[in-house]
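Worksheet for the structure shown next.
All figures in this text were calculated on a predicted structure; none of them were measured in a lab. Proteins get letters first, then strands, A, B, ... in listed order; numbering begins at 1 in each.
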Amino acid sequence: MSDFIRDMVREDLGNNKHGGRVATRFPPEPNGYLHIGHAKSICLNFGIAQEFNGVCHLRMDDTNPTTEDIEYVNAIMHDVRWLGFDWKEKMFYASDYFGRLHQFAVELIQLGKAYVCDLSPEEMIRYRGAPDVPGQESPFRNRTVAENLDLFERMRQGEYADGAKVLRAKIDMNSPNIHMRDPAIYRIRRGHHYRTGDRWCIYPMYDFAHCLSDSVEGITHSICTLEFEVHRPLYDWILDALKTPCHPQQIEFARLNLSFTVMSKRKLLQMVEEGLVSGWDDPRMPTIAGLRRRGCTPEAIRHFARRIGVTKYNGLTDVALLEHSLREDLNRRARRVMAVLKPLKVVLTNYPEGKTEELEAVNNPEDPAAGTRQVPFSRVLYIERDDFMEIPPKKFFRLFPGNEVRLRYAYIIKCESVVKNAAGEVEEVHCTIDPESKSGGATSGRKIKSTIHWVSAAHALDAEVRLYDRLFTVEQPDADPERDFKTFMNPKSLEVGRAKLEPSLAGAQPLEPYQFERLGYFCADNRDSQPDKLVFNRTVGLRDAWAKEMIKG
RNA sequence: UGCCGAAUGGUGUAACGGUAGCACAACAGACUCUGGAUCUGUUUGUCAUGGUUCAAAUCCAUGUUCGGCAGCCA
């Protein structure tokens with residue numbers, strides 16, 4: 001593979017920059033579940049490590065006790081593993097470095113490059129200036145090393161209230177880069193940390209913790225998203241100011257934006273907390289857990305990640321590309337079965353009552369090794385309501401009065417009459433079969449325009465099916481800061497129905513992919529499906545040329 | 001209008017001074033016991049203007065547009 005980051009890694013390897021070593025890291029903050037955007041980063045970081053014979057660390061960037069939780073740590077580890085990556089023994093926590101980070105801060109003070117500042121948050125904002133207005137130096141900027149050391153120690157001891165003081169790097173209040181205007185590197189925050197408990201009341205800021213964690217771990221290439229580009233001078237300044245084990249190279253790439261979804265953890269959390277979705281793993285969510293529950297495979301995500309590439313251009317990727325990757329993978333591996341989502345009863349008037357035949361059906365035409373199975377056939381069947389029309393439009397090849405269709409793996413049938421209910425709706429269709437037309441039979445070669453799926457009414461399994469559609473109705477739900485993204489949520493993103501399934505589905509394992517022929521890919525829900533109460537999720541529909549024809553009118 | 005960055009078909013990307021290619025999408029056709037899959041073909045592109053060069057998406061200049069940055073979040 002090749003992209004600008006791999007090119008840089010190759011070049012560094014060629015120059016023996018890190019002694020031939022490649023070490024990357026994936027550093028999530030455990031304050032939410034991983035999403036498809038993280039998957040891009042995971043594939044990048046772990047992928048580079050694999051390709052260049054290096055290592056990739058998994059590091060929890062847990063420097064903010066108020067938002068982080070062990071639940072997220074466990075979910076993150078599960079998701080990364082599920083995606084197919086292995087960090088071996090390289091599991092780290094920024095919180096494990098708190099002692100060392102504190103020592104680094106002390107050294108920075110001793111170097112005269114950091115000071116304790118008593119400005120309130122509001123005052124700090126005022127002193128910082130603006131992008132085009134230089135900042136002002138804090139009145140506390142010139143405290144002595146001894147005074148700063150004492151104050152910082154007392155911060156650590158808990159002598160001051162949250163927010164009363166902050167440790168700042170002493171850089172340049174006139175810098176055109178706001179991140180260099182004496183950024184805060186340690187703040188007082190009395191929150192119970194999910195790992196270190198109440199041991200600390202001061203916590204390092206991202207800019208301070210991240211570069212030093214990278215250095216401590218011997219990271220060679222620290223890959224992050226574009227918004228950190230302006231932080232790079234600070235990343236480098238801190239590592240240059242201190243005596244550190246090594247100086248990793250920060251490289252920025254464009255985060256993934258997917259059409260018809262939102263990708264910010266804050267917004268995803270909001271939907272979870274407000275009950276707009278059933279949880280982080282709601283199958284409509286772009287989270288790894290949601291995609292998994294929906295029936296998405298790790299291979300599909302990895303192929304998708306490969307296809308979208310890595311650049312510094314902040315674009316918008318079409319979800320259709322994800323769906324394509326998914327269908328491509330599922331087409332290869334999913335067992336075909338017959339299921340009817342909107343049942344319409346069909347009676348075969350010239351087929352003996354009480355008779356049952358077992359017909360042979362192919363499990364996967366893409367994979368002969370998947371073999372065949374038997375499907376029961378009898379006089380009363382269910383077919384898809386959409387496969388029948390009393391008055392067909394042109395180009396409708398399916399069942400209508402007087403027309404013939406093939407029942408997949410079974411007979412050719414002809415529609416003879418319909419039975420309607422009081423409301424005038426078609427309730428039952430009466431057909432006759434061509435007894436010689438069974439697959440393999442004498443007249444089975446007859447050219448019939450259409451083949452439809454069916455299930456035998458007497459043998460059918462009942463199941464709940466959950467049909468998912470995109471969560472939002474517009475390409476970029478969060479594009480307009482004036483408009484709440486939630487107002488664009490798709491009211492039809494979930495439709496629940498009752499389906500009739502062929503009996504072989506009785507043993508379907510959760511998340512095992514199936515293709516319901518002519519409908520789409522489905523899997524049993526990993527939370528709600530029980531052997532006696534089946535629940536199937538639609539992963540993604542099949543491409544549908546007929547639906548497209550209908551849209552065209 | 002301060003700093004940093006980016007601009008290649010509808011979308012995502014490749015081409016590293018030498019034929020603008022690939023994938024998705026769209027469209028048309030072939031095939032089909034899935035209107036699926038597969039196969040074939042078609043449409044659409046180098047932000048602009050100058051310059052350097054035999055030759056520029058690529059190098060230079062100017063401009064335009066878009067994104068990011070003013071948390072004691074990451």
Side-chain angles (χ1 to χ4, degrees), chain A residues 2-3 7 27-29 31 61-64 66-68 117 119-121 124-125 128-135 162-168 175-181 183-189 202-203 205-207 209-210 224-233 252 254 256 259 265-266 306-325 327-328 331-332 336 338 361-362 365-366 395-398 405-410 412 437 439 444-446 448-453 475 515-520 541-549:
Chain A
S2 181
D3 53 60
D7 289 347
E29 186 191 9
N31 66 348
D61 209 353
D62 52 0
T63 57
N64 183 357
T66 58
T67 56
E68 296 155 5
C117 181
L119 253 26
S120 70
M124 276 227 355
I125 288 170
R128 184 160 34 228
D132 54 345
V133 180
D162 284 14
K165 285 181 166 42
V166 77
L167 183 68
R168 292 226 255 170
S175 172
N177 181 341
I178 287 178
H179 298 282
M180 299 297 270
R181 319 240 262 229
I185 56 176
Y186 256 94
R187 80 284 213 185
I188 304 170
R189 195 136 147 153
I202 56 171
Y203 292 91
M205 300 286 293
Y206 166 84
D207 286 306
H210 204 90
C224 62
T225 45
L226 247 28
E227 67 268 27
F228 293 104
E229 209 159 16
V230 281
H231 294 237
R232 186 165 8 112
E252 311 84 13
L256 171 66
S259 60
K265 267 200 260 182
R266 206 200 92 241
R306 179 169 310 194
R307 261 188 264 251
I308 58 178
V310 180
T311 64
K312 297 190 73 138
Y313 176 72
N314 217 318
L316 180 66
T317 298
D318 193 341
V319 270
L321 191 55
L322 211 210
E323 290 169 358
H324 168 78
S325 300
R327 289 193 185 102
E328 180 185 57
N331 177 51
R332 269 204 335 254
R336 312 291 129 127
M338 291 196 284
V362 172
E366 306 292 323
K395 290 190 180 171
F396 183 83
F397 307 137
R398 284 115 90 148
V405 295
R406 167 167 295 284
L407 293 177
R408 175 133 241 228
Y409 299 122
I412 293 168
S437 67
S439 301
S444 69
R446 285 170 55 207
I448 299 293
K449 263 294 208 208
S450 177
T451 298
I452 65 173
H453 61 276
E475 275 204 319
Q515 184 195 103
F516 289 4
E517 291 210 34
R518 305 208 307 132
L519 297 172
L542 251 24
R543 286 184 66 219
D544 190 342
W546 171 243
K548 214 179 278 179
E549 193 67 39

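Set against B:G36, B:G35, B:G67, the side chain of A:N331 has B:G36 as its closest nucleotide. Across B:G35, B:U34, B:C4, the shortest atom-to-atom separation from the side chain of A:R336 is found for B:U34. The A:Y313 side chain lies nearest to B:A6 when the options are B:A6, B:C16, B:A74. For A:Q515, counting side-chain heavy atoms from C-beta on, the closest listed nucleotide (B:A6, B:G36, B:U34) is B:U34. Of the listed nucleotides (B:A74, B:A70, B:G67), B:G67 has the atom at the smallest distance from the side chain of A:N314. In this structure, the nucleotide among B:C72, B:G68, B:G36 sitting nearest to the side chain of A:L542 is B:G36. Looking at the side chain of A:T311, the nearest of the listed nucleotides B:U13, B:A74, B:C72 is B:U13. Of the candidate nucleotides B:U11, B:C72, B:C4, B:C4 has the atom lying nearest to any side-chain atom of A:V230. Listed nucleotides B:G2, B:A74, B:U13 differ in distance to A:E29; the shortest reach to its side chain belongs to B:A74. Side-chain atoms of A:A320 lie closest to B:C24 of the nucleotides B:C72, B:A26, B:C24.
Here A:L119 lies in heavy-atom contact (under 4.0 Å) with a base. A:S120 comes within 4.0 angstrom of a base, heavy atoms only. Using a 4.0 Å heavy-atom criterion, one finds that A:P365 contacts the bases of the nucleic acid, with or without backbone contacts as well. Using a 4.0 Å heavy-atom criterion, one finds that A:G315 contacts the sugar-phosphate atoms exclusively. Within 4.0 Å of A:D7, counting heavy atoms only, lies at least one base atom of the nucleic acid. Looking at heavy-atom distances under 4.0 Å, A:F396 makes contact with a base. Contact annotation for A:Y409: base contact, defined as any heavy-atom pair under 4.0 Å involving a base atom. Within 4.0 Å of A:D61, counting heavy atoms only, lie sugar-phosphate atoms of the nucleic acid but no base atom.
For A:A209 against A:T63, the heavy-atom pair with the smallest separation is CB-CG2, 3.7 Å.
The side chain of A:R543 places no N or O atom within less than 4.0 Å of a non-bridging phosphate oxygen (OP1 or OP2) of B:G35. Side-chain nitrogen and oxygen atoms of A:K312 include none within less than 4.0 Å of the OP1 or OP2 phosphate oxygen of B:A7. Taking 4.0 angstrom as the limit, A:R187 places a side-chain polar atom (N or O) nearer than this to OP1 or OP2 of B:C73. Between A:H179 and the phosphate of B:C69, there is no side-chain N or O to OP1/OP2 separation shorter than 4.0 Å. Distances shown here put every side-chain N or O of A:K265 at or beyond 4.0 Å from the OP1 or OP2 atom of B:C73. Taking 4.0 angstrom as the limit, A:R128 places a side-chain polar atom (N or O) nearer than this to OP1 or OP2 of B:C72. Look at A:R327 and you won't find any side-chain N or O under 4.0 angstrom from OP1 or OP2 of B:C24.
With a glycosidic angle further than 90° from 0, B:G68 counts as anti.
A salt bridge links A:E229 with A:K312: the closest approach of a Lys/Arg side-chain nitrogen to an acidic carboxylate oxygen falls below 4.0 angstrom.
Using P as the reference atom, B:G50 and B:U58 are 14 Å apart when rounded to the nearest Å. Spacing of P atoms, B:G17 relative to B:U43, comes out at 30 Å, to the nearest Å. The gap from the C1' atom of B:U64 to that of B:A74 amounts to 34 Å, rounded to the nearest Å. For the P atoms, the distance linking B:U52 with B:C60 amounts to 15 Å, nearest Å. Taking the C1' atoms as reference points, B:C66 lies 26 Å from B:A26, given to the whole Å. A gap of 24 Å separates the P atoms of B:G63 and B:A56, to the nearest Å. Here the separation of B:U44 from B:C39, taken at their C1' atoms, is 23 Å to the nearest Å. When the C1' atom is used for both B:G9 and B:C24, the distance is 12 Å, rounded to whole Å.
Under 3.5 Å, the side chain of A:E252 and the base of B:G68 form no donor-acceptor pair of N or O atoms. Between the side chain of A:R518 and the base of B:G35, no donor-acceptor pair of N or O atoms lies under 3.5 Å.
The closest donor-acceptor contact from the side chain of A:Y203 to the backbone of A:D62 lies at 3.5 Å or more, if one exists at all.
The CD1-C1' distance, from A:I125 to B:C73, rounds to 13 Å in whole Å. Rounding to whole angstrom units, CZ of residue A:F228 and P of B:C3 are separated by 23 Å. Spacing between atom NZ of A:K449 and atom P of B:C31 amounts to 10 Å, rounded to whole angstrom units. For the pair A:E366 CD and B:U38 P, the computed distance is 7 Å after rounding to whole Å. For the pair A:L519 CG and B:G36 P, the interatomic distance rounds to 13 Å; values are reported in whole Å.
Residues A:D7 and A:S2 bring a donor and an acceptor atom of their side chains to less than 3.5 Å of each other.
Taken together, the paired segments of RNA chain B that extend over three or more consecutive Watson-Crick or G-U pairs, each closer than 3.5 Å at both contacts, are B:2-7 with B:64-69, B:10-13 with B:21-24, B:26-30 with B:38-42, B:47-51 with B:59-63.
By the 6.0 Å contact criterion, CZ on A:R446 is enclosed, its count of non-hydrogen atoms from other residues, nucleotides or ligands being greater than 12.
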